[in-house]
Amino acid sequence: MGTRIDGKKVAARTKADLAKRVELLKARGIQPGLGTILVGSDPGSVKYVAGKHADCAEIGVNSIKRELPENATFDQVADAVRQLNADPACTGYIVQLPLPRGIDENAIIDLIDPKKDADGMHPYNLGELVLHARGDIATPLPCTPRGVIELLRAYDIDLDGKEVCVLGRGITIGRTIGLLLTRKAVNATVTLCHTGTKDVREHMRRADVIVAAMGVAGFVKPEDIKEGSILVDVGVSRVFDEESGRYKVKGDVDKACYEKALAYTPNPGGVGPMTRAMLLQNVVEMAERQL
Ligand SMILES: Nc1nc(=O)c2c([nH]1)NC[C@@H]1CN(c3ccc(C(=O)N[C@@H](CCC(=O)O)C(=O)O)cc3)C=[N+]21
């Protein structure tokens with residue numbers, strides 16, 4: 001049985017460290033604040049946003065909440081973005097995705113002040129990430145990929161020279177994690193697989209590390225993986241559970257794989273809590289840049 005990588009535990013440790021840094025900021029007259037813009041009332045989004053504000057309270061960061069109705073127009077969302085750009089109490093913020101149909105998400109993201117982009121998903125910040133393969137990066141990084149890397153680092157898993165197979169080309173992780181994994185400081189080799197990949201299972205069998213982010217519940221099966229591989233499960237599917245009669249979050253990795261793995265991130269309880277912790281870390285770092 002592989003080592004269970006406990007995302008909740010590492011996230012809690014990260015938050016405890018951030019709480020101390022927030023104390024230092026406050027002592028120097030800076031009160032960090034995280035803003036959220038939530039459009040509509042998708043139950044998943046409502047829950048994630050609530051979680052982010054609970055995290056803020058835990059580490060002493062102020063919460064700034066903006067809520068718009070499901071039928072909000074592009075201009076109304078754009079106005080909320082401009083207000084947070086101008087609000088000095090807001091250190092950084094996110095626009096919770098997905099936005100309701102008909103609102104161009106990329107056009108909204110473009111309007112975010114890159115210095116306040118807590119998600120690290122603004123084109124300017126993504127561009128900075130592309131440009132800096134070496135040295136430090138002084139711009140916010142995308143939270144989920146950063147969470148994956150920090151989580152593996154916390155378990156002393158060295159990625160230098162490792163073959164990493166990424167499954168999925170979504171913007172949250174698939175398209176960006178390679179940029180972090182191939183930085184000199186991490187030094188992994190990355191293969192990005194997607195629906196157009198000819199033999200996905202062949203790529204998975206060759207990999208030292210699989211980062212699964214497709215949103216296909218149980219896609220990665222024991223016969224697809226190498227003995228002793230490391231499994232990072234980022235997939236989110238809501239699947240009806242016969243036993244409890246409720247919907248449950250299920251990842252892309254079939255639990256039967258855990259037996260064969262050297263280490264694995266459970267889902268839930270793995271990358272999700274780290275994503276949230278990295279959002280806070282981005283905000284604290286943004287506040288520290290104001291010192
Ligand atoms: N602008 C924007 N930024 C985001 O970062 C963003 C977003 N939009 N839209 C949706 C996704 C999803 N996301 C998650 C964060 C934490 C958990 C998390 O903590 N999950 C828990 C369990 C949650 C549950 O049981 O439902 C876990 O994995 O253990 C999950 C999902 C952030 N997202």
Side-chain angles (χ1 to χ4, degrees), residues 4-12 14-15 34-56 58 64-68 77 80-81 84 92-100 103 105-112 114 116-123 125-126 140-148 150-151 168 170-177 211-215 217 231-241 244 246-253 255 264-283:
R4 181 178 182 280
I5 296 176
D6 190 340
K8 278 191 192 167
K9 201 162 85 184
V10 180
T14 306
K15 284 190 276 184
L34 171 70
T36 58
I37 298 176
L38 173 63
V39 186
S41 51
D42 168 73
S45 295
V46 169
K47 195 173 147 190
Y48 292 143
V49 168
K52 285 161 190 168
H53 291 293
D55 292 341
C56 283
E58 215 180 302
I64 301 158
K65 292 173 214 171
R66 295 280 182 272
E67 288 173 10
L68 294 166
V77 181
V81 166
L84 292 186
Y93 67 96
I94 66 148
V95 178
Q96 181 68 23
L97 303 177
L99 288 172
I103 300 187
E105 289 184 348
N106 287 342
I108 291 292
I109 293 170
D110 272 347
L111 298 174
I112 297 174
K116 291 195 173 191
D117 169 30
D119 266 333
M121 299 285 249
H122 185 281
N125 292 320
L126 293 175
L141 296 172
C143 299
T144 308
R146 191 178 194 189
V148 168
E150 292 295 324
L151 192 50
I171 186 62
T172 315
I173 184 137
R175 298 227 1 118
T176 51
I177 194 168
V211 177
M214 289 173 301
L231 307 176
V232 179
D233 190 353
V234 198
V236 179
S237 306
R238 289 180 200 278
V239 174
F240 189 73
D241 181 55
S244 63
R246 285 192 309 183
Y247 283 89
K248 278 194 175 164
V249 170
K250 260 196 94 177
D252 288 352
V253 176
K255 288 188 167 58
Y264 65 93
T265 70
N267 188 352
V271 176
M274 285 304 288
T275 298
R276 279 161 56 175
M278 292 302 110
L279 179 68
L280 298 172
Q281 187 158 318
N282 275 345
V283 172

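Position 1 is the first residue of the sequence, and the numbers go up from there. Whatever order the structure lists ligands and atoms in, that order sets their numbers, starting from 1. The figures here come from the full heavy-atom set of this structure, side chains too, leaving out hydrogens, waters and symmetry mates.
- Under 4.0 Å from any atom of ligand 1, one finds heavy atoms of residues Lys47, Tyr48, Lys52, Val95, Gln96, Leu97, Asp119, Arg238, Val249, Pro268, Gly269, Gly272, Pro273, Arg276.
- By the side-chain hydrogen bond (donor to acceptor under 3.5 Å, both in side chains) test, Asp117 is found to be paired with Asn125, residues two or more places apart in sequence or in another chain being considered.
- Side-chain contact between Ile109 and Leu97 is present, with at least one heavy-atom pair separated by less than 4.5 Å.
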- Message: What verdict does the side chain to side chain contact (heavy atoms under 4.5 Å, CB included) test give for Thr36 and Arg66, after you've listed the backbone C-alpha separation in whole Å, the side-chain angles of each residue and the deciding distance to 0.1 Å?
- Response: CA-CA 6 Å; Thr36 58; Arg66 295 280 182 272; over 6 Å; no
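- With hydrogens and angles ignored, the 3.5 Å screen pairs no side-chain donor or acceptor of Asp241 with any backbone N or O of Tyr247.
- A distance-only check finds no donor-acceptor pair linking the side chain of Asp119 to the backbone of Cys143 [under 3.5 Å].
- One N or O on the side chain of Asp233 and one on the backbone of Asp252 form a donor-acceptor pair closer than 3.5 Å.
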